[in-house]
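Reviewing the structure listed below.
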There are 2 protein chains.
Amino acid sequence: MLTVSLVEDDEDIRQSLAILINGANGFQCLAQYGDCPSVIADIQKNTPNVLLMDIGLPGMSGIEGIKIIKPMLPTLDIIMLTSHENDNYVFESLCAGACGYLIKDTSPARLLECIKEIYEGGSPMSTQIARMVVTSFQKKTENPLSPREMDVLNHLCTGRSYKIIAKTLFISEETVRRHIKSIYRKLQVHSNTEAVAKAFRDKLV
Amino acid sequence: MLTVSLVEDDEDIRQSLAILINGANGFQCLAQYGDCPSVIADIQKNTPNVLLMDIGLPGMSGIEGIKIIKPMLPTLDIIMLTSHENDNYVFESLCAGACGYLIKDTSPARLLECIKEIYEGGSPMSTQIARMVVTSFQKKTENPLSPREMDVLNHLCTGRSYKIIAKTLFISEETVRRHIKSIYRKLQVHSNTEAVAKAFRDKLV
DNA sequence: ACCACAATGCCACAAAAGGGTCATTTTACG
DNA sequence: CGTAAAATGACCCTTTTGTGGCATTGTGGT
């Protein structure tokens with residue numbers, strides 16, 4: 001029996017979901033909550049296999065909620081439910097610990113399928129959301145840095161000192177400084193850490 | 001008409017794919033290649049809507065291939081084809097610029113569906129692969145650093161100097177140094193950049 | 001009550017990095 | 001053929017970091 005708990009402030013939607021889940025073979029709705037504090041207080045006593053969580057909750061948002069719940073139960077599979085597909089919450093939700101992301105008008109049959117999928121180790125999401133996720137993965141194709149500057153930046157991004165970089169690249173430490181000055185100018189930063197941070201955030205490395 | 005090009009060294013598989021695509025309504029196989037150099041030389045003259053690329057090519061691998069092709073045609077939609085689902089190539093492929101990732105025994109009908117999906121802005125992949133991708137997104141739940149140390153690390157990761165961090169957190173510069181010493185010990189690093197790099201790679205921030 | 005740990009602060013010295021200016025050689029492109 | 005950009009190297013001086021040791025206060029848990 002696959003157990004599911006719900007967090008959803010709209011009474012009607014919550015009831016419909018519970019009826020759908022309890023009516024399906026092999027599924028059981030373990031608990032229902034109307035807000036984050038309730039689920040946070042109860043979930044360690046009543047832990048379901050899968051948690052369906054609305055994003056737009058009154059008070060603490062669903063995203064804030066999973067930021068608290070996920071560290072409590074790191075292996076819990078959480079599916080976010082949202083009204084709009086193209087929103088900024090996707091990344092926040094996934095970073096915070098959601099494993100799936102569905103829009104609310106997903107068909108009942110598909111919803112049950114997704115719950116089963118996440119339980120079996122998948123990550124159900126629409127193909128459009130998958131594209132957003134994949135795109136955010138990809139390295140920048142345009143890159144102001146020269147190949148040699150990229151060599152230096154890569155070493156910098158593994159925490160190597162100028163001295164070590166110089167030895168590794170068979171150039172003098174002064175040349176390393178030269179390249180780094182050039183990197184700073186192009187990335188518009190003024191320190192080691194800023195450059196590394198920018199490199200990671202802009203997916204240059 | 002949705003045009004597709006193929007890169008696949010196995011003659012039989014390539015022919016089957018071409019026949020499948022040309023036989024489907026609205027699809028056309030634009031070109032076929034047996035290795036990466038051929039496609040790299042030709043793709044800017046004959047650019048398809050979607051490129052199907054085998055990973056296990058003789059000579060230059062499919063991943064090396066897209067690392068070259070993607071910068072040439074940043075908007076080209078590339079689907080990787082592989083024999084095994086659970087392999088390390090997934091991340092390398094997606095980072096290098098693939099938008100979809102399919103296993104070779106995908107059914108012909110599903111394959112055509114995926115080509116259509118990627119063309120329409122999706123990212124077709126199995127739900128298991130989606131999970132791998134999502135998991136790699138998520139912040140670490142265990143974290144050796146104290147809350148205050150995380151504050152300092154976060155500032156470090158935006159490239160701020162000790163002086164600025166001290167002002168922002170309303171503590172002395174010496175205390176910032178103290179926290180950073182502690183961070184270095186816990187993360188087992190010995191410099192600014194190493195700490196920032198580790199923070200990003202280990203998803204502490 | 002005690003212990004571990006978080007958080008705060010100071011001093012001193014060595015090492016590393018940032019910024020400025022200068023110069024030469026090679027390579028790529030029109 | 002000339003020019004621009006990339007890659008190389010050097011010197012000087014200031015600021016920032018890294019590391020060591022030392023000390024106080026509060027808090028949570030056993």
Side-chain angles (χ1 to χ4, degrees), chain A residues 40-41 44 68 71-72 140-200 204-205, chain B residues 40-41 44 68 71-72 140-202 204-205:
Chain A
I40 291 168
Q44 285 187 309
I68 295 171
M72 291 163 61
K140 278 272 190 307
T141 50
E142 18 64 53
N143 181 326
L145 305 184
S146 74
R148 201 54 164 170
E149 285 160 3
M150 277 307 298
D151 289 344
V152 173
L153 183 60
N154 276 313
H155 279 100
L156 215 56
C157 288
T158 56
R160 290 177 171 76
S161 70
Y162 293 8
K163 202 169 293 189
I164 304 292
I165 297 175
K167 269 184 198 154
T168 312
L169 296 181
F170 304 106
I171 53 181
S172 87
E173 201 178 321
E174 285 302 327
T175 304
V176 175
R177 299 160 90 70
R178 178 108 297 305
H179 287 310
I180 287 179
K181 281 176 206 179
S182 180
I183 292 170
Y184 286 2
R185 187 173 38 77
K186 290 182 180 176
L187 298 187
Q188 298 182 275
V189 299
H190 303 279
S191 75
N192 224 317
T193 46
E194 232 185 315
V196 172
K198 185 144 196 158
F200 277 103
L204 300 178
V205 293
Chain B
I40 291 167
Q44 285 187 308
I68 296 172
M72 290 162 62
K140 278 271 189 305
T141 49
E142 18 64 52
N143 182 327
L145 304 185
S146 74
R148 202 54 164 168
E149 284 161 4
M150 278 307 299
D151 288 345
V152 173
L153 183 60
N154 276 314
H155 279 100
L156 214 55
C157 287
T158 57
R160 290 176 171 77
S161 71
Y162 293 8
K163 202 168 292 188
I164 306 292
I165 297 175
K167 267 184 199 153
T168 313
L169 297 181
F170 303 105
I171 53 181
S172 87
E173 202 178 321
E174 286 301 326
T175 304
V176 175
R177 299 158 87 70
R178 181 107 298 304
H179 287 310
I180 286 179
K181 282 178 209 180
S182 179
I183 291 169
Y184 286 1
R185 187 173 39 76
K186 289 181 180 176
L187 299 186
Q188 298 182 276
V189 299
H190 303 279
S191 76
N192 226 317
T193 47
E194 235 184 313
V196 172
K198 185 143 196 158
F200 277 104
R201 287 193 213 276
D202 290 358
L204 300 178
V205 293

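Because the structure is predicted, anything quoted here is derived from the model rather than measured. Letters go in sequence order (proteins before strands), and every chain restarts at 1.
The side-chain contact (heavy atoms from CB on, under 4.5 Å) check on A:Ile68 picks up A:Ile40, A:Met60, A:Met72, with sequence neighbours excluded. Every residue meeting the side chain to side chain donor-acceptor pair (under 3.5 Å) condition with A:Ser172, not counting sequence neighbours, appears here in chain and number order: A:Thr175. With sequence neighbours excluded, no residue satisfies salt bridge (Lys or Arg N to Asp or Glu O under 4.0 Å) with B:Glu194. Take A:Phe200 and apply the ring-ring contact (aromatic ring centres under 6.0 Å, His included) test, not counting sequence neighbours, and it matches B:Phe200. Annotation: salt bridge (Lys or Arg N to Asp or Glu O under 4.0 Å) contacts of A:Arg160 (sequence neighbours excluded): none.
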What protein N or O atoms touch nucleotides 25-30 of chain C N or O atoms at under 3.5 angstrom, if any, and at what distances?
none

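Interface residues of residues 143-166 of chain B facing DNA chain C, ordered by number: B:Ser146, B:Pro147, B:Arg148, B:Glu149; criterion, heavy-atom separation under 4.0 Å. Remark: A:Tyr184, A:His190, A:Ser191 in residues 184-191 of chain A come within less than 4.0 Å of DNA chain C through at least one heavy atom.
Between A:Ile180 and A:Val152 there is a side-chain heavy-atom pair separated by less than 4.5 Å.
When all heavy atoms of B:Leu153 and B:Ala199 are compared, the pair lying nearest together is CD2-CB, 3.8 Å. Of all heavy-atom pairs spanning B:Thr193 and A:Leu156, the tightest one is CB-O, 3.7 Å. Nearest heavy atom pair, residue B:Cys157 against residue B:Val205, reads SG-CG1, 4.1 Å.
Counting only residues at least two apart or on different chains, the salt bridge (charged side-chain N to carboxylate O under 4.0 Å, His left out) pairs with a member in residues 161-175 of chain B are B:Glu174-B:Arg177. Sorted by first and then second residue, the pairs that involve residues 142-152 of chain A and meet salt bridge (charged side-chain N to carboxylate O under 4.0 Å, His left out), not counting sequence neighbours, are A:Arg148-A:Asp151, A:Glu149-A:Lys186. Counting only residues at least two apart or in different chains, ring-ring contact (aromatic ring centres under 6.0 Å, His included) contacts with residues 141-172 of chain B are absent.
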- Message: Across nucleotides 20-30 of chain D, 5' to 3', mark each nucleotide with B, S or - according to how protein heavy atoms within less than 4.0 Å reach it.
- Response: BBB--------
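Here the C1' atom of nucleotide C:dG9 and the NE2 atom of B:His179 are 10 Å apart, to the nearest Å. Counting to the nearest Å, the P atom of D:dA7 and the CD1 atom of A:Ile183 are 10 Å from each other. Across the protein-nucleic acid pair, A:Glu173 atom CD and C:dA16 atom C1' stand 8 Å apart, rounded to whole Å. Protein atom CD1 of B:Ile171 is 14 Å distant from nucleotide atom C1' of C:dC10, rounded to whole Å. As a whole-Å value, the separation of B:Glu194 CD from D:dT17 P is 16 Å. Straight-line distance from the CD1 atom of B:Ile180 to the C1' atom of C:dA7: 14 Å, rounded to whole Å.
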- Do B:Arg201 and A:Thr158 pass the side-chain contact (heavy atoms from CB on, under 4.5 Å) test, and can you show the C-alpha distance, the side-chain angles, and the key distance before you say yes or no? CA-CA 10 Å; B:Arg201 287 193 213 276; A:Thr158 56; 3.5 Å; yes
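Toward the 5' end of DNA chain C, the nearer of the two residues B:Thr193 and B:Ser172, judged by each one's closest nucleotide, is B:Ser172.
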